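Quick notes on the structure that follows.
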Number of protein chains: 2
Amino acid sequence: MGLTEPDPTDEVLRALAEPRRRTILRLVAHDELSAGEIAATFEVSRTAISQHVTVLKNAGLLTERRAGTRRLYRARPEGLAGIRAFLDEMWAGALDNARRLAEAERGLSDDVEAERTG
Amino acid sequence: MGLTEPDPTDEVLRALAEPRRRTILRLVAHDELSAGEIAATFEVSRTAISQHVTVLKNAGLLTERRAGTRRLYRARPEGLAGIRAFLDEMWAGALDNARRLAEAERGLSDDVEAERTG
DNA sequence: GAAGAGTGTCAGTGCCTGCTAACGTTAGCG
DNA sequence: CGCTAACGTTAGCAGGCACTGACACTCTTC
């Protein structure tokens, strides 16, 4: 059990950091496509695309379905839930920060006013 | 101007792909901190943290404010807007895909049988 | 079972990236 | 001006990642 526990959020974000992988995700979000159809979209070799697909699959962003000799891939929206939570947390934190700034400004204007009226 | 136009979404996602950078973002989302305070949180050198901060700043995820010799950093929630749009697009596409699947399931018996009996 | 189509996997290579150490820069103090 | 504090910046190095080419695997068809 000495395996380094992989952070799901980290794996998803690293998977999304690659432009080609995002393109693949867009492709299979709209339609279910085979590995060959996906690879035909790009100029790089099918090997590279296969590796990208593997990364996306390991990140939980893709679902594989075998049909004959072909393998069909489809986007998996649940895989993005963690990222969404992260973004919401960040946004809430930043808003909280903005609120603090607003309060600080109010307290600051008091001081300023004390100076001005004093 | 032969500069390669940098895709904002790509830059932001690559910035978020680093665990330490996400930690930094969490820190400055809750409080405004100086470079030294941020660096003190980590075990690595301040140089590394400074570089991470530069990446976050270039991605538009951070705001710098100079106060004396110190530089205070704060999260910038607007920088995440692009990512949110991307996620929403992905999610909508995947839901559209799910709808197609539901429709397909209704009239699908042929394909399923071909697959199962194959 | 042999052949062919459709894909995944492995080894190797070049680039990119995160890290450290040394140096340069700016602001405050005497 | 000389000195210190708080940073950013640069050069150099080690590890990781994306890519290619060759090989292996799995179904289908004959």
Side-chain angles (χ1 to χ4, degrees), chain A residues 3-4 6-7 10-25 27-28 31-59 61-74, chain B residues 3-4 6-7 10-25 27-28 31-74 110-118:
Chain A
L3 277 179
T4 57
D7 183 8
D10 184 71
E11 204 165 357
V12 171
L13 277 172
R14 267 174 33 203
L16 291 177
E18 184 60 40
R20 279 183 236 274
R21 287 199 280 262
R22 289 197 297 271
T23 303
I24 294 176
L25 224 52
L27 286 174
V28 297
D31 291 307
E32 187 179 31
L33 297 178
S34 69
E37 289 170 326
I38 296 175
T41 307
F42 299 89
E43 298 286 343
V44 296
S45 68
R46 295 193 306 277
T47 303
I49 302 303
S50 180
Q51 289 166 347
H52 282 313
V53 167
T54 300
V55 171
L56 289 171
K57 190 168 50 177
N58 288 340
L61 294 172
L62 237 54
T63 305
E64 180 185 308
R65 182 170 71 92
R66 312 185 61 150
T69 67
R70 305 196 314 166
R71 307 197 180 183
L72 303 175
Y73 294 96
R74 186 203 321 163
Chain B
L3 275 179
T4 57
D7 183 8
D10 185 70
E11 203 165 358
V12 171
L13 277 172
R14 268 173 33 203
L16 290 177
E18 183 61 41
R20 278 182 236 273
R21 286 199 280 262
R22 289 197 298 273
T23 304
I24 293 176
L25 224 52
L27 286 174
V28 296
D31 291 308
E32 189 179 30
L33 297 179
S34 69
E37 289 170 327
I38 296 173
T41 307
F42 300 89
E43 298 286 342
V44 295
S45 68
R46 294 192 305 276
T47 303
I49 301 303
S50 180
Q51 289 166 346
H52 283 313
V53 166
T54 300
V55 172
L56 289 171
K57 190 169 50 177
N58 288 340
L61 294 171
L62 235 54
T63 305
E64 179 185 309
R65 181 170 72 92
R66 312 185 60 149
T69 67
R70 306 197 313 168
R71 307 196 180 183
L72 303 175
Y73 295 96
R74 186 204 318 163
D110 296 351
D111 286 340
V112 167
E113 229 175 83
E115 201 184 317
R116 300 248 309 159
T117 58

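Chain letters run A, B, ... following the sequence lines, proteins first and then strands; every chain starts at 1. In what follows, every heavy atom counts, from backbone to side chain, and hydrogens, waters and symmetry copies are set aside. As the structure is a computational prediction, the values presented were derived from the model and not from experiment.
Among the atoms of the strands shown, base atoms are found under 4.0 Å from some heavy atom of Ala48(B). Arg46(B) comes within contact range of no nucleotide atom at all, as no heavy-atom separation falls under 4.0 Å. Contacts of Tyr73(A) with the nucleic acid, taken as non-hydrogen atoms under 4.0 Å apart, involve only primed sugar atoms and P, OP1 or OP2.
Checking dT7(C), dT9(D), dC19(C) against every side-chain atom of Ser34(A), the shortest atom distance belongs to dT7(C). Of the listed nucleotides (dT7(C), dC19(D), dT9(C)), dT9(C) has the atom at the smallest distance from the side chain of Ser50(A). Comparing dT9(D), dC27(D), dT20(D) by their nearest atom to the side chain of Thr69(A) picks out dC27(D). For Glu18(A), the listed nucleotide lying nearest its side chain is dA18(D); candidates were dA18(D), dT17(C), dC19(C). Of the candidate nucleotides dG8(D), dT7(C), dT26(D), dT7(C) has the atom lying nearest to any side-chain atom of Ala35(A). Of the listed nucleotides (dC10(C), dT26(D), dC7(D)), dC10(C) has the atom at the smallest distance from the side chain of Thr47(A). Side chain of Arg71(B), nearest nucleotide from dA27(C), dT9(C), dC7(D): dC7(D).
Straight-line distance from the CD atom of Glu64(A) to the P atom of dC27(D): 11 Å, rounded to whole Å. Protein atom CZ of Arg20(B) is 10 Å distant from nucleotide atom P of dG18(C), rounded to whole Å. Atom CZ in Phe42(A) sits roughly 9 Å away from atom P in dC19(D) (whole-Å rounding). Look at CG on Leu62(A): it is 14 Å from P on dT7(C), rounded to the nearest Å. Going from atom CD1 of Ile38(A) over to atom P of dT7(C) covers 9 Å, rounded to whole Å. Taking atom NE2 of residue His52(A) and atom P of nucleotide dT7(C), one finds them 17 Å apart after rounding to whole Å. To the nearest angstrom, P of dC17(D) lies 5 Å from CZ of Arg14(A). Nucleotide dT7(C) holds its P atom 17 Å from the CG atom of Leu56(A), rounded to whole Å.
For Leu72(A) and Gln51(A), each mapped to the nucleotide of DNA chain C holding its nearest heavy atom, the one lying further toward the 5' end belongs to Leu72(A).
A 4.5 Å side-chain heavy-atom check between Leu25(A) and Leu62(A) finds at least one atom pair inside the cut-off. Side-chain contact between Phe42(A) and Thr23(A): present, with at least one pair of heavy atoms (C-beta onward) separated by less than 4.5 Å.
One finds the CZ atom of Arg14(A) at 9.0 Å from the CD atom of Glu18(B) (value rounded to the nearest 0.5 Å). Taking CG of Leu13(A) as the reference point, atom CG of Asp7(A) lies at 9.0 Å (rounded to 0.5 Å). Separation of atoms CD1 (Ile49(A)) and CD1 (Ile38(A)) is listed at 8.5 Å; rounding is to 0.5 Å.
The side chain of Arg21(B) places an N or O atom within less than 4.0 Å of a non-bridging phosphate oxygen (OP1 or OP2) of dG18(C).
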